[in-house]
2 protein chains.
Amino acid sequence: MSNTKVLPLLEPADGKAVAPCCPPLTERPFTAEEAETAARMFKALGDPVRLRLFSAVASHEGGEACVCDISDVGVSQPTVSHHLKKLKEAGLLTSERRGTWVYYRVEPSVLAAMGKLLAIAPAAT
Amino acid sequence: MSNTKVLPLLEPADGKAVAPCCPPLTERPFTAEEAETAARMFKALGDPVRLRLFSAVASHEGGEACVCDISDVGVSQPTVSHHLKKLKEAGLLTSERRGTWVYYRVEPSVLAAMGKLLAIAPAAT
DNA sequence: CATCTATGTTGACATACGTCGAACCAGTGG
DNA sequence: CCACTGGTTCGACGTATGTCAACATAGATG
């Protein structure tokens with residue numbers, strides 16, 4: 001897969017311009033800016049409910065899931081919506097309305113960026 | 001001080017040293033328990049100051065750093081200490097006092113666990 | 001022991017965060 | 001046009017979090 005276009009960790013989608021983020025955590029000390037950017041994403045995954053939602057979307061068939069399919073995480077529906085919004089703002093998910101339902105899908109480039117950040121050795125299993 | 005403490009991200013396996021707490025994020029929806037465990041670690045890295053401290057330690061020569069070497073992150077010394085404690089509690093760092101100074105080093109297994117969690121595809125680097 | 005330096009702990013405070021119920025908006029189908 | 005279902009936004013509330021100043025502790029050194 002050499003044709004995969006790697007996107008910045010956080011998309012400058014709605015006014016928030018962010019750099020292509022960061023070197024591996026182990027390469028050199030993060031600058032304040034880099035830390036700010038990367039921390040935003042870690043923070044987004046730093047809540048159990050959000051992590052479950054993210055995992056639910058990521059593991060759902062077709063790579064996307066309707067809210068109705070994943071909203072059984074033990075909190076009220078508004079709270080689910082709130083967390084999905086946070087994940088979207090962090091650039092981890094995208095949403096699309098199709099008729100009655102709203103579908104969320106994972107932004108794949110973000111996982112890749114996170115991998116580089118962690119300096120993961122490929123296939124080290 | 002021997003660090004026999006089991007890392008939060010890693011479940012205590014009876015015979016083996018440590019085992020990953022969670023499946024890859026994309027494999028199946030996280031359970032509440034798994035999410036709780038993994039979120040704790042993401043949360044720990046979800047603060048800019050902590051991320052800088054962690055990165056500073058991780059990238060420091062020898063894989064360890066004295067507090068005095070990394071405490072220049074724009075906050076007061078007590079705050080640095082507070083954040084280092086949090087990172088330690090999250091299982092990301094270990095500390096050891098040697099004479100006057102206290103040295104922190106990264107717990108490598110945690111980075112590996114995080115990598116598995118992210119199910120990173122072979123990075124193009 | 002006295003004292004100095006390097007870190008950690010405590011208490012207080014402002015802010016951010018997660019949560020809910022109620023109100024609101026978007027499509028669908030009568 | 002109206003009711004109904006799926007989702008989002010709003011307002012409020014309690015709790016967690018990041019921060020600092022002040023104090024406490026651990027070694028080193030005189």
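Scope of the values below: all heavy atoms of this structure, side chains included, with no hydrogens, waters or symmetry mates. Numbered from 1 within each chain, the chains take letters A, B, ... in sequence-line order.
Within residues 49-56 of chain B, no residue has any heavy atom closer than 4.0 Å to DNA chain C. The stretch residues 99-106 of chain B touches DNA chain D through B:G99, B:T100, each having a heavy atom under 4.0 angstrom from the strand. Residues from residues 57-67 of chain A that place a heavy atom under 4.0 Å from any atom of DNA chain C: there are none.
The stretch residues 67-82 of chain B participates, sequence neighbours left out, in these side chain to side chain donor-acceptor pair (under 3.5 Å) pairs: B:S76-B:T79.
Proximity note for B:C68 (side chain, C-beta onward) versus C:dT7, C:dA26, C:dT19: the nearest is C:dT7.
In terms of the side chain to side chain donor-acceptor pair (under 3.5 Å) criterion, B:K43 has no residue partners (sequence neighbours excluded).
Side-chain nitrogen and oxygen atoms of A:K43 include at least one within less than 4.0 Å of the OP1 or OP2 phosphate oxygen of C:dC17.
Between B:F30 and A:L53, every side-chain heavy-atom pair lies at or beyond the 4.5 Å cut-off. For the pair A:M41/A:L92, a side-chain contact is recorded, criterion being any heavy-atom separation below 4.5 Å from C-beta on.
Ion pair A:E36/B:R52 not flagged as a salt bridge, since none of the NZ, NE, NH1 or NH2 atoms sits closer than 4.0 Å to an Asp/Glu carboxylate oxygen. Between A:K116 and A:E27 there is no salt bridge, since no side-chain nitrogen of the basic residue lies less than 4.0 Å from a carboxylate oxygen of the acidic one.
Running 5' to 3' along DNA chain D, contacts with non-hydrogen atoms of chain B at under 4.0 Å begin and end at D:dT17 to D:dA28.
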